Amino acid sequence: MTGPQRPDRPVEGERPGGYAREHGDRPAFERRGDDRFGDRDRERGARQRSDRPAADRRAGDRFGGDRERGDRRGGDRFGGDRRGGRPARPAVDLPRQIAYEAIAAVHRDDAYANLVLPAMLREAGLTGRDAAFATELTYGTLRHIGTLDAIVTDAAGRDVQRIDPPVRDALRLGAYQILHTRVPAHAAVSSTVDLVRSVGPGATGFANAVLREITSRDADAWVAKLAPAQETDPIGHLALAYSHPQWIVRSFAEALGGDMGETTRLLIEDNERPPVHLCARPGLADPVALADEVGGAPGAFSPYAVYLPGGAPGDLPAVTDGRAHVQDEGSQLVADALVAAPLDGPDGRWLDLCAGPGGKSGLLGALAATRGARLTAVEVAEHRARLVAQATRGLPVTVVHTDGRTVGSDPKLPEEHFDRVLVDAPCTGLGALRRRPESRWRRQPSDLPPLTRLQRELLTAGLRAARPGGLVAYVTCSPHVVETHVTVTEAARRCGFDVDFVDARPLLPAGMPGLGDGPTVQLWPHRHGTDAMFLAVLRRV
């Protein structure tokens, strides 16, 4: 292998089991694919070869294998025609076509995969294994684009940006299948050439040649050829080997104290499919009973977390009737930490200063209901304020559509009024790259200055909103040092009044590993199985 790999036994600070238990001794790059789908293509290919005339089989073999039978539900939409009154087989099977369309929408329209893909699956009527295959191809390709583009560039003999966008996305999809799944190489090449025939007909020969060249090496061999040497350029090596921009790898390494082995484990985890977490709302659902109801398991750390085995969580009765909502376990932990912090004096007025889209407000509102408190949830964007209102319906929550920085000038946000304040500030989202794979390619270092200025202003407003003795939790879904330690220390220094840092570690469940030296806490995917949430708790003196 080309870099340090995750061991079969948990390292210090990691949640036991997890990756090694699931994947055993398989090589890292091979582990990232899903073996289920190799059998799917082998079975389909064998069945079609036995059923098709020899002349047809020979025609298919010109492109490295047989074309696979498309799902006829795709109909004429995906390239079929009618001969003799019968629908022709579509050129590309429906799961691959859906994956391609989702990837193209992300690049062409700046769409988000987690929004466009479910709609496409519903429209096409894909469920079960086919839906899982389309999802794996979409998210896997988007996660690995940095490495895939380097490989396509080399195999094509031209910069990937000089390839027409439709053909470029098809080649990325084909390369992902070849290098990161157990789809047979001939099936990946053949289906991708068929796809190119429908989106860029003049490029089929080019695509066939590029894909055949990609099959000449496995993923590790391509990385060995193209990545800088780890000894002389560890950041550049990891960036290409694990498909992250170099500036993000550098920021992760800095946040991890320069430990390149642990940085590698984080990058590996970022490229894994994350589990879906539910939050069982306190007072409305018991997590153990909810786990039984949905066929999941109680979370490892949050007292409200339930891990789902799969499926569409939005369709669960517990979610539709408001007893639970979808929320990463890390987000649950940082919100609960604010409520767990000891507080002298009154404790009935809570504030969520950046509430959209409403996940943390939903949990805080449910906790407020059990403690006789009331939450004010502030959101500057109108559509997100509506989402907050929907997420907190039936809970003691007042939604205020305004800018959180108006504390003191907005009569609904008086200064020195609230007992507990959550500032879940807008950030780069680098802590949730495994859930939003396209974000790693959209974010730039130039995003940081305006974001960190906004973060300081919001945290300062949150400190103004807290009464003397009141608590403020500053939270970001990013481990970048500038968005975490720098922002919180600068805001505390500039706010104009005294604040004390509260040690956040005792506010999290006992026995959580890898929480550092305090007083702040950084959660990590590879240590805790959560998004990389940062938490600082401050008390206004």
Side-chain angles (χ1 to χ4, degrees), residues 1-8 19-20 22-39 41-42 64-65 96 99 103 133 136-157 160 168-192 207 209-230 233-246 249 260-261 263-273 433-434 437 440-441:
M1 276 303 298
T2 57
Q5 298 304 308
R6 193 165 188 167
D8 291 335
Y19 196 96
E22 180 181 354
H23 296 285
D25 296 324
R26 289 165 54 198
F29 283 102
E30 187 177 312
R31 285 197 300 257
R32 295 179 199 169
D34 195 318
D35 300 342
R36 295 175 298 163
F37 304 126
D39 291 338
D41 276 330
R42 279 190 287 272
R96 285 185 173 92
I103 293 165
F133 186 43
E136 163 67 14
L137 293 183
T138 301
Y139 281 90
T141 302
L142 291 172
R143 288 189 185 102
H144 289 85
I145 275 178
T147 308
L148 296 175
D149 279 1
I151 294 169
V152 170
T153 292
D154 189 85
V160 72
R168 182 169 64 221
D169 282 332
L171 290 174
R172 289 162 166 168
L173 180 61
Y176 176 75
Q177 294 173 70
I178 292 168
L179 298 173
H180 295 286
T181 75
R182 291 207 176 170
V183 171
H186 70 83
V189 172
S190 152
S191 62
T192 305
V210 171
L211 293 165
R212 283 183 173 276
E213 176 64 20
I214 292 173
T215 65
S216 67
R217 294 178 175 87
D218 65 14
D220 290 345
W222 276 112
V223 168
K225 178 183 180 183
L226 300 177
Q230 190 163 17
D233 185 4
I235 297 296
H237 178 89
L238 292 178
L240 192 138
Y242 298 106
S243 199
H244 284 67
Q246 288 196 28
V249 177
M260 302 310 292
T263 301
T264 301
R265 291 192 290 274
L266 170 59
L267 298 176
I268 291 172
E269 196 67 36
D270 252 2
N271 287 336
E272 289 295 309
R273 294 185 305 278
L433 296 182
R434 58 189 189 145
R440 70 182 73 176
W441 312 115

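Values in this document were obtained by computation on a predicted structure and should not be read as measured data.
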Engineer: Report yes if some heavy atom in the side chain of R143 is under 4.5 Å from a heavy atom in the side chain of Y176; otherwise report no.
Structural biologist: no

Engineer: Determine yes or no for a side-chain-to-main-chain donor-acceptor pair under 3.5 angstrom, with H237 supplying the side chain and P228 the backbone.
Structural biologist: yes

Engineer: To the nearest 0.5 angstrom, please state how far the NE2 atom of H186 sits from the OG atom of S191.
Structural biologist: 10.0 Å

Engineer: What I'd like to find out is whether the side chain of L173 reaches to under 4.5 Å of the side chain of L137, using heavy atoms alone.
Structural biologist: yes

Engineer: Considering only heavy atoms from C-beta outward, does the side chain of Y242 approach that of T147 to under 4.5 Å?
Structural biologist: no

Engineer: Side chains of R96 and V183: closer than 4.5 Å at any heavy-atom pair?
Structural biologist: yes

Engineer: Looking only at heavy atoms, what is the nearest atom pair of A227 and L240, with distance?
Structural biologist: CB-CD2, 3.9 Å

Engineer: Considering the options L148, V160, L226, which one meets the side-chain contact (heavy atoms from CB on, under 4.5 Å) requirement together with T153?
Structural biologist: V160

Engineer: Can any side-chain N or O of T215 pair as donor or acceptor with the backbone N or O of R212 at less than 3.5 Å?
Structural biologist: yes

Engineer: Please, which pairs that meet salt bridge (Lys or Arg N to Asp or Glu O under 4.0 Å) have at least one residue in residues 148-157, sequence neighbours excluded?
Structural biologist: D149-R172, D154-K225

Engineer: Report yes if the side chains of H244 and D270 come closer than 4.5 Å at any heavy-atom pair, otherwise no.
Structural biologist: yes

Engineer: Of all heavy-atom pairs between L211 and A175, which one has the smallest distance, and what is that distance?
Structural biologist: CD2-N, 4.1 Å

Engineer: Could you tell me whether a side-chain N or O of R440 sits under 3.5 Å from a main-chain N or O of L142, the two making a donor and an acceptor?
Structural biologist: no

Engineer: Evaluate N271 against H144 for side-chain contact (heavy atoms from CB on, under 4.5 Å), listing each step before the verdict.
Structural biologist: CA-CA 8 Å; N271 287 336; H144 289 85; 4.1 Å; yes

Engineer: Search all heavy atoms of P245 against all heavy atoms of A239 and return the closest pair with its distance.
Structural biologist: C-CB, 4.4 Å

Engineer: Between E136 and R273, does at least one N-O distance fall below 4.0 Å, as a salt bridge requires?
Structural biologist: yes

Engineer: Ignoring hydrogens, what is the shortest heavy-atom contact between T192 and A170? Give both atom names and the distance.
Structural biologist: CG2-O, 3.3 Å

Engineer: Which heavy atom of A188 sits nearest to which heavy atom of G174, and what is that distance?
Structural biologist: CB-O, 4.3 Å

Engineer: Side chains of I151 and R217: does their closest heavy-atom pair fall under 4.5 Å?
Structural biologist: no

Engineer: Just so I know, are the side chains of V189 and Q177 near enough to count as touching, which here means a heavy-atom distance under 4.5 Å?
Structural biologist: no

Engineer: Closest approach of L238 and L267, non-hydrogen atoms and distance?
Structural biologist: CB-CD1, 3.8 Å

Engineer: Answer yes or no: is there a donor N or O on one side and an acceptor on the other, between the side chain of W441 and the main chain of G146, under 3.5 Å?
Structural biologist: no

